[in-house]
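Some notes on the structure that comes next.
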Amino acid sequence: MLDQKEVNKFRFNQIQNQKILVGSNWVHSKSGQTQSIISPIDGKEISKLQVCDHLDVNDAVLSGRETYERGDWSNMPPINRKKIMLKIAELIEKNMLELAVLGARDNGTEINMALKAEPGSAAGTFRYYAEAIDKIYGEISNTSNNFLGLIHKEPVGVVAAIVPWNFPLMIGAWKIAPALAMGNSVVIKPSEAASLSLLKLGEICLEAGLPPGTLNIVTGNGRITGQALALHMDVDVLTFTGSGTTGRKLLEYSAQSNMKKIYQELGGKSPNIVFADTENLEEAAKVSTMGIFRNSGEVCVAGSRLLVEKEIHDEFLGMVYKFTKNLKIGDPLDLNNDIGAINSLSQLKSDLDFVEKAKSEGGKIEIGGNRVLEDSGGFYMEPTIISSVKQDTTIFQNEVFGPVLTVTPFENENDAVELSNATAFGLASGLWTSNLSRAHRMIRKIKAGTVFVNTYGGSDNTLPLTGVKQSGNGSDKSLHALDKFTDLKSVWMKI
Ligand code: NDP
């Protein structure tokens, strides 16, 4: 149970101006350019970030490459690599609250959630892949007896990772841990809007004994730093989480450079489908409310499109309305608040623009729709519910990535499937019904990487997070994530 006094211990810590990690050195960018880190809690500067250009990125990639070729990490016995990764997990846990508060000051996530979702989850991810290291084997194929066919599993070399601001530590760990487990070097670029906790992870990794150069961290904005990394000729694989707009550019950068493999976890516009036969509608309403509004809706799998069977539409909307009305918005480091701040002023403006557009296209604002707590200087928005939302509207088709829930009625199962699949996305979905056969029929027809049944959200490292359609390719989490960072080599030997 979190204690406010414990949280307060870290909330006013002076945060040093940040450096980047290249090999064993924490250094300034070569250009000396920096930018402010603005806390969404009060709109004030809390530190400064290095802005890296292609020269810094080059140093970081070179550091990763040299370490890889020397074999400091890639040739270390698996059992020793495992020990170091377990130590990283242990140190993340030791610094859990400090990391969570640091991250929340940077990106605005409510501390109760940040604690579990950021360091809590990151520690679990390092532990999961550490445990996998000495259990991964190559294969022997069943060729005829006068030949021996071997399949080697090899690291790819240098992995670049570009991650967003909503859960930097959790998503960063989803990339770094499996890449390290396979013996690769990593260069990661966090978002300029949330870099602090990943920079701190860099310190932890060195303290745990990760050989210098195995993990390098460059900071700055996507257009310069991110682009330089994605265009680099010596990056073997780029693993990305972020928007489809950036994802498209990364595919182009790959084509323009060395055709590095690109794996993407992109956005979503996930349907949450509620049938009238749901066993406990009240529970469904409560879970669905948090399924969209936690972390101010800045969650890739957020259930942002509520689809409700017509006969219970008004009743269910009333229940969701009631739970939403009771949510307390405010300072993410105040344990009394349910929902924290929007990550940045530009994200807040984008969220509000979507609401205006929805109104102009016939949506009815049931609750919310406004910026609040402006006097704090921070970026806060009311949880917002918009009903009467039609399939061909902007808000139905596009990801807001903010605290905005749309509600659309449906007539029957076929109608529900059609509405569910009517966007370009295919990340997650929710399904509420007490009819087991219907659940299985729907699971097969819904085009999404994840289907939550009679719940919304939650899973652990054992399940992959996969996007279909324009929500991405490849998987984060689970043993499947290792495939992204592994080259297969076939050996055909005559006996
Ligand atoms: P962006 O695509 O804007 O940014 C993601 C990362 O890409 C940031 O580090 C950003 O840097 C960088 N970037 C931006 N432009 C470029 C470029 N031209 N070249 C290289 N890198 C670039 O997404 P957001 O940060 O706004 O994140 C929100 C998106 O992430 C949503 O669409 C959300 O759904 C998706 N997401 C998907 C998840 C999944 O698992 N499928 C999980 C979480 C989020 P900087 O910010 O410094 O400019």
Side-chain angles (χ1 to χ4, degrees), residues 35 37-38 49-54 57 106-107 109 117-118 121 160-175 187-196 198 217-232 235 238-254 256-257 260 262-270 295-304 342-344 346-348 350-351 398-402 423-428 448-450 457 459 463-478 481:
Q35 68 181 79
I37 300 177
I38 303 294
L49 198 65
Q50 299 296 318
V51 180
C52 297
D53 62 18
H54 65 283
V57 166
D106 204 5
N107 81 344
T109 301
E118 285 279 88
S121 158
I162 300 181
V163 295
W165 43 259
N166 57 338
F167 294 106
L169 206 49
M170 174 177 82
I171 297 173
W174 288 348
K175 315 288 191 195
V187 179
I188 190 163
K189 190 209 89 70
S191 168
E192 60 186 323
S195 296
L196 292 174
L198 271 173
I217 308 175
V218 288
T219 57
N221 62 57
R223 291 172 313 284
I224 299 172
T225 322
Q227 188 187 53
L229 191 54
L231 279 171
H232 202 285
V235 165
L238 171 58
T239 170
F240 171 71
T241 295
S243 65
T245 309
T246 305
R248 275 176 211 280
K249 289 185 189 155
L250 298 183
L251 294 173
E252 285 175 18
Y253 299 155
S254 167
Q256 286 162 21
S257 54
K260 57 182 71 61
I262 307 271
Y263 297 102
Q264 318 217 41
E265 296 292 330
L266 305 174
K269 189 74 192 178
S270 303
N295 199 19
S296 300
E298 294 164 353
V299 178
C300 55
V301 297
S304 54
I342 303 289
N343 175 259
S344 65
S346 61
Q347 183 64 39
L348 173 63
S350 161
D351 297 348
N398 292 278
E399 182 182 44
V400 177
F401 216 54
T423 74
F425 298 103
L427 191 57
T450 298
S459 72
L463 285 163
L465 177 62
T466 303
V468 300
K469 293 161 76 181
Q470 291 182 31
S471 287
N473 65 319
S475 299
D476 275 339
K477 309 204 298 174
S478 82

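Read the numbers this way: they start at 1 and go in the same order the structure lists the ligands and their atoms.
When Ser304, Ala428, Gly242 are checked for heavy-atom proximity to atom 29 (C) of ligand 1, Gly242 turns out nearest. The residue among Leu465, Asn343, Thr450 with a heavy atom at the shortest distance from atom 40 (O) of ligand 1 is Leu465. Of the candidates Phe425, Phe240, Tyr253, Phe240 brings a heavy atom nearest to atom 7 (O) of ligand 1.
No N or O atom of Lys249 sits closer than 3.5 Å to an N or O atom of ligand 1. Inclusion of Ser471 in the set of residues having an N or O under 3.5 Å from an N or O of ligand 1 is not warranted. Considering backbone and side-chain N/O atoms, Glu192 comes within less than 3.5 Å of an N/O atom of ligand 1. Between Trp174 and ligand 1, a contact under 3.5 Å exists for no N or O pair. Residue Gly226 has no N or O atom closer than 3.5 Å to an N or O atom of ligand 1. In terms of polar-atom proximity, Asn221 is not counted as a contact of ligand 1, lacking any N or O under 3.5 Å from an N or O of the ligand. At a 3.5 angstrom cut-off on N or O pairs, Gly222 counts as close to ligand 1.
Contacts between Ser243 and ligand 1, counted as non-hydrogen atom pairs separated by less than 4.0 Å, involve both the backbone and the side chain. The residue Asp476 has no part lying near ligand 1, judged by heavy-atom distances below 4.0 Å. When heavy-atom distances to ligand 1 are checked against a 4.0 Å cut-off, Leu427 comes that close only through its side chain, counted from C-beta outward. Of all the heavy atoms of Thr241, the ones lying under 4.0 Å from any atom of ligand 1 are found in both the backbone and the side chain. Only backbone heavy atoms of Val163 (N, CA, C or O) come within less than 4.0 Å of ligand 1; its side chain stays farther off. With a heavy-atom cut-off of 4.0 Å, Gln347 does not touch ligand 1 at all. Residue Leu229 does not touch ligand 1, judged by heavy-atom distances below 4.0 Å. Looking at Phe167 against ligand 1, nothing comes within 4.0 Å, counting heavy atoms.
Under a 4.0 angstrom heavy-atom cut-off, Gly220 registers as being in contact with ligand 1.
With respect to atom 12 (C) of ligand 1, the closest heavy atom belonging to the protein is Ile162 CG2, 3.6 Å. Scanning all protein heavy atoms for the shortest distance to atom 28 (C) of ligand 1 gives Phe401 CE2, 3.4 Å. The nearest heavy-atom contact from the protein to atom 31 (C) of ligand 1 is Glu399 OE1, 3.3 Å. Of the protein's non-hydrogen atoms, the one nearest atom 38 (C) of ligand 1 is Cys300 CB, 2.9 Å. When only non-hydrogen protein atoms are considered, atom 16 (C) of ligand 1 lies nearest to Thr246 CG2, 3.4 Å. For atom 24 (P) of ligand 1, the nearest protein heavy atom (residue, atom name, distance) is Trp165 NE1, 3.5 Å.
Side-chain contact between Glu118 and Thr109 is absent, with no heavy-atom pair separated by less than 4.5 Å. Put simply, the side chain of Val400 reaches to within 4.5 Å of the side chain of Lys269, judged on heavy atoms.
Side chain of Asn473 to backbone of Tyr263: no donor-acceptor contact under 3.5 angstrom is found.
There is a side-chain donor-acceptor pair under 3.5 Å between Thr241 and Lys175.
When ring centroids are compared, Phe167 and Trp174 stay outside the 6.0 Å threshold.
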